[in-house]
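Nothing here was measured: the structure is a model prediction, and the numbers come from that model. Values below: all heavy atoms of this structure, side chains included; hydrogens, waters and symmetry mates excluded. Throughout, a chain's letter reflects where its sequence line sits, starting with A, and its residues are numbered from 1.
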Protein chains: 2
Amino acid sequence: MLRLSTKGQYGVRAMFEIARSCNHGPVTIREISERQDVSVAYLEQILNQLRKSGIIKSVRGPGGGYVLSRDPGKVSIGEILRELEGPVAITSCLDPKEGCMRVEGCVTHLLWKSLGENIEAFLNSMTLKDLLEGNEFISLKQRPGQVPGNIMAKVPDKTKARLAS
Amino acid sequence: MLRLSTKGQYGVRAMFEIARSCNHGPVTIREISERQDVSVAYLEQILNQLRKSGIIKSVRGPGGGYVLSRDPGKVSIGEILRELEGPVAITSCLDPKEGCMRVEGCVTHLLWKSLGENIEAFLNSMTLKDLLEGNEFISLKQRPGQVPGNIMAKVPDKTKARLAS
DNA sequence: ATAATAGTCTAGTGATTCTGTCAAGTATTA
DNA sequence: TAATACTTGACAGAATCACTAGACTATTAT
């Protein structure tokens, strides 16, 4: 239940690659494709959409590629997903594009609304910087009762090493 | 993004109707259909699935219908949805039926996992009783720490006020 | 200039999932 | 035994997903 489309997933992973190289010039689609194992053609679509929203910039010609428009800490996961898939809308009732026919009769309306708002808050609080640092859960520790420990706690050492390089 | 299927939505609304009548004998599918505006045939499928899980019981013959097997306060929304749609699995990576091919390379793995856990905690903390009393959000506020990270932490005050009214 | 590199844009398509319907049952009770 | 009501499995149209294809535009190194 509640699956995120591959488009959104790939988008976040692509943004991670771009953020990762934010001090090393533009990243090409080909590089992202190889590192994240997503087809070039599909990435073209996804990155194009993100570019139009201003979240990334493209540089054409040899040596070109994509770069972040902002600091990784200023780009939330929520923003990326919202751009690619629209706002969280657990029900069509709550989709701004559709609207609700029978709000009053819909007992569960506020339930889904609250769930959606909470999901958005979660996604908005998480940034590319958190992903880069691998500590999104540390940032969540500020909220009492949160999942303890570092997000990288369960990641194998060789992976950490590769990510750090 | 992240829409819940109508099956899950209808399931919760049907359970609401059954819970609502829990002191007035069985509710027929026809009644649920009329009150919640869902076809009888589709409800048959949904309620059958819920019956098999033991969450409701059916009574056959004239005067029959469906009744809750348990107290409304003991039936969580999460349980209903899980029965109808399986566990929350933001990515196929996290679906117990599929499994992850490349856990190590999946930078975002723990991000989605954490989101999923938060959603499940939210849904598990909410029961039919909360829906019946129409104070699902107030009751949530009374249980600090039960939901990891106080899921209401970032919800705007004006929203809380509206929900509480 | 021009070749090579790299992004831009629009369609289209096969597969899958969703959202149900239909029909032929079985069980229970008044 | 008629009426009520649940049970089960098959199936089908519609929508969405997850891409692929192909033609185009822009930039830079030589």
* **Nucleotide nearest Asn48(A) (side chain, heavy atoms from C-beta), chosen from dC9(C), dT28(C), dC19(D)** => dC9(C)
* With a 4.0 Å cut-off on heavy atoms, is Ile29(B) in touch with a base, just the backbone sugar-phosphate, or nothing at all? -> sugar-phosphate
* What is the distance, rounded to the nearest whole Å, between atom OH of Tyr42(A) and atom C1' of dA21(D)? -> 15 Å
* To do: Give the rounded distance in Å between these two atoms: OH of Tyr66(B) and C1' of dA5(D).
  => 9 Å
* To do: Establish, with yes or no, whether the OP1 or OP2 oxygen of dC6(D) is under 4.0 angstrom from a side-chain nitrogen or oxygen of Thr28(B).
  => no
* Pick base, sugar-phosphate or nothing for Arg30(A), based on heavy-atom distances below 4.0 Å to the nucleic acid. => nothing
* To do: Examine dA5(D): is either OP1 or OP2 under 4.0 Å from a nitrogen or oxygen in the side chain of Ser58(B)? Give yes or no.
  => no
* Asked: Do Gln45(B) and dT21(C) share a donor-acceptor pair, side chain to base, under 3.5 Å?
  -> yes
* To do: Can you tell me the distance, in whole Å, between the CD atom of Glu44(A) and the C1' atom of dT5(C)?
  => 13 Å
* With distance as the sole test, does Glu79(B) use its side chain to make a donor-acceptor pair with the main-chain N or O of Asn124(B) at under 3.5 Å? -> no
* Main-chain N/O of Tyr42(A) paired with Ser39(A) side-chain donor or acceptor, under 3.5 Å -> yes
* **N or O in side chain of Ser5(A) less than 4.0 angstrom from dC17(D) OP1/OP2** => no
* Asked: Taking Arg82(A) for the side chain and Gly86(A) for the main chain, is one N or O donor matched with an acceptor at less than 3.5 Å?
  -> no
* With no hydrogens and no angle check, do the side chains of Gln49(B) and Glu83(B) hold a donor and an acceptor under 3.5 Å apart? -> no
* Structure fact -> Rounded to whole Å, CZ of Arg51(B) lies from P of dA5(D) at a distance of 17 Å
* Counting side-chain heavy atoms from C-beta on, which of dG20(C), dT8(C), dC6(D) comes nearest to Arg60(B)? -> dC6(D)
* To do: Send over the distance from Leu2(B) CG to dC18(C) P, rounded to a whole Å.
  => 14 Å
* Donor-acceptor side-chain pairing of Thr108(A) and Gln9(B) below 3.5 angstrom -> no
* **Phosphate OP1/OP2 of dG20(C) contacted by Tyr10(B) side-chain N/O (<4.0 Å)** => yes
* Backbone N/O of Gly54(B) and side chain of Ser69(B): donor-acceptor pair under 3.5 Å -> yes
* Asked: Once you round it to whole Å, what is the distance between P of dT16(C) and NZ of Lys7(A)?
  -> 20 Å
* Tell me what Lys57(A) touches on the nucleic acid: a base, only sugar-phosphate, or nothing, going by heavy atoms under 4.0 Å. => nothing
* **Closest-nucleotide 5' rank along DNA chain D - winner of Ala41(B) and Gly64(B)** => Gly64(B)
* Asked: Expressed in angstrom and rounded to an integer, what is the separation of Ile46(B) atom CD1 from dT7(D) atom P?
  -> 14 Å
* Provide, to the nearest angstrom, the distance between the CG atom belonging to Leu50(B) and the P atom belonging to dT7(D). => 12 Å
* Structure fact -> Contacts of Glu85(A) and Gly63(B) projected onto DNA chain D by closest heavy atom; the upstream (5') one is Gly63(B)
* May I ask you to verify if any side-chain N or O of Ser39(B) is less than 4.0 angstrom from the OP1 or OP2 atom of dT21(C)? => yes
